[in-house]
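For reference, the structure is listed below as structure tokens.
Here is how names work: the chains are called A, B, and so on, in the same order as the sequence lines, proteins then strands, and each is numbered from 1.
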Number of protein chains: 2
Amino acid sequence: MANNDCRANIIAAAIPLFAAKGLNGVSVRELARAAGENLSMISYYFGGKEGLYAAVLTEQFAVLDKIEEIERTDIDTLQKFELYVRATVSRYRKSPYLLRFYTSELTNPTACFETITKPAIKKVVQTLLKAFTEGLSHEKFRDDLDPADTVLALAGMINFYFLLEPVTADVVDHSPDRDEVLIRHIMDIFTRGVLK
Amino acid sequence: MANNDCRANIIAAAIPLFAAKGLNGVSVRELARAAGENLSMISYYFGGKEGLYAAVLTEQFAVLDKIEEIERTDIDTLQKFELYVRATVSRYRKSPYLLRFYTSELTNPTACFETITKPAIKKVVQTLLKAFTEGLSHEKFRDDLDPADTVLALAGMINFYFLLEPVTADVVDHSPDRDEVLIRHIMDIFTRGVLK
DNA sequence: TATCTTAAATCAAACGTTTGAACAGCATCC
DNA sequence: GGATGCTGTTCAAACGTTTGATTTAAGATA
């Protein structure tokens, strides 16, 4: 019953619920019950269920903005890609629901897709593209590779690993202890693929 | 009028609707209206909305069973992986909603996940794993690579390309004309990564 | 006759949203 | 200082609508 805990409580409770069941899979009553707050607080603070979903999505995707730092960092181009992979893994570890919102919006887009999801993902892709063309101009990378295909391949390797966790959990060890091995593994394949 | 058109009509209309909005995003009334069939037919033929969803999912994932052919084919191990990539692209071209069901079930699993989705995907992963260990025994592949990480990386490259289409459509040409280039590109990176 | 299809009606349950009353804290004013 | 109005917050209750499912009775098909 504390003062403005209410708003934060609702968001905190909504994150795992929306992540697991999607926007249409959760009812406002379920959200309110999980938050331990009154039903009408959702309309009061967020203007309704969709507003709450938008707030959750914005909060989740806020971390993606840090990708810009890669552009400003003065390191070897190839290391920028490693930095991206590392940042991606670390993001998924810190906010374990991010990938769910990410792919859920991609496959079953809501009203938030154009305004929140698409710009957030696009910024990541464009940052990677910029890094690749930089590597090209330094004549470090093969010039017969399509830039977009290449960076999407890298992004696919790391993201798909986490996306398939529900299926591969009993075949692959997904514990954070193995993250370093995974990162080196992916960077190994990628490096051999793009270097001259 | 015609005999079993009704059942087929309902399934055909349900595929794009379920794919776009998910199980909870569509109502039985919307499904019946889109199929041009009576509301009661959904309960009659499928026992309800979830039964229809299960039928749609089963039909969509039926194509994935063809992956087994890769094991029986007597070709070079590396070509088996190319066959997989080709088959994946061709599948997504022929049934453009498959990937949606695929990832929607991964991120927002329904009751069908354990019974339908998980076994279907698992079979693909295990087939790829078998092909990799085969390549290992022939001493064609590097033996310092983790088999699971490697095949997941390949699957990630090709699947993520299609998954991100809604975001990258204005940056990347996703037309089937470019499929051959994409396949060669991914196989190029993969080959350099795994060969001794 | 037996199977299939239709339209309409009905059901309880759940849906998202709104309401009006209550309550706190905090200025303001006589 | 005590009454007053104001603002932001919380609440239980109810709003009207839609949900998925079922049933009915009539018609079509083969």
| message | Taking 4.0 Å as the cut-off, does a side-chain nitrogen or oxygen of B:Tyr44 come that near to OP1 or OP2 on C:dC4? | response | yes
To the nearest angstrom, the CZ-P distance between B:Arg33 and C:dT6 comes to 16 Å
From CZ of B:Phe46 across to P of C:dC4 the rounded distance in Å is 13 Å
Interatomic distance, OH@B:Tyr97 vs OG1@A:Thr107, rounded to 0.5 Å, equals 14.5 Å
When rounded to whole Å, the NZ to C1' distance for the pair A:Lys21 and C:dC15 reads 15 Å
Separation of D:dC11 atom C1' from A:Ile10 atom CD1, nearest Å, is 13 Å
From CG of A:Leu31 across to P of C:dG16 the rounded distance in Å is 8 Å
Dump every N/O contact between nucleotides 20-22 of chain D and the protein below 3.5 Å, one line per pair.
| residue | atom | partner | partner atom | Å |
| --- | --- | --- | --- | --- |
| D:dG20 | OP1 | B:Val26 | O | 3.3 |
| D:dG20 | OP1 | B:Lys49 | NZ | 2.6 |
| D:dG20 | OP2 | B:Val28 | N | 2.9 |
| D:dG20 | N7 | B:Arg29 | NH1 | 2.8 |
| D:dG20 | O6 | B:Arg29 | NH2 | 3.0 |
| D:dA21 | OP2 | B:Lys49 | N | 2.9 |
| D:dA21 | N6 | B:Arg29 | NH2 | 3.4 |

Rounded to whole Å, CE of B:Met41 lies from C1' of D:dG27 at a distance of 13 Å
Picking from C:dT6, D:dT10, C:dC4, the nucleotide nearest the side-chain atoms of A:Cys6 would be D:dT10
Here the gap from B:Met187 atom CE to B:Glu82 atom CD, rounded to the nearest 0.5 Å, amounts to 5.0 Å
Looking only at side-chain N and O atoms, does A:Thr110 offer a donor or acceptor that is under 3.5 Å from a partner on A:Glu105? yes
With ring centroids as reference points, do B:Phe101 and B:Phe18 lie under 6.0 angstrom apart?
no
A:Asn38 CG to C:dA21 C1', in whole Å, measures 13 Å
note: A:Glu37, atom CD; D:dT9, atom C1'; distance rounded to Å ~ 11 Å
Taken to the nearest 0.5 Å, the spacing of B:Gln60 CD from B:Ile116 CD1 works out to 11.5 Å
From the list A:Arg86, A:Arg91, A:Arg93, salt bridge (Lys or Arg N to Asp or Glu O under 4.0 Å) with A:Asp179 holds only for A:Arg93
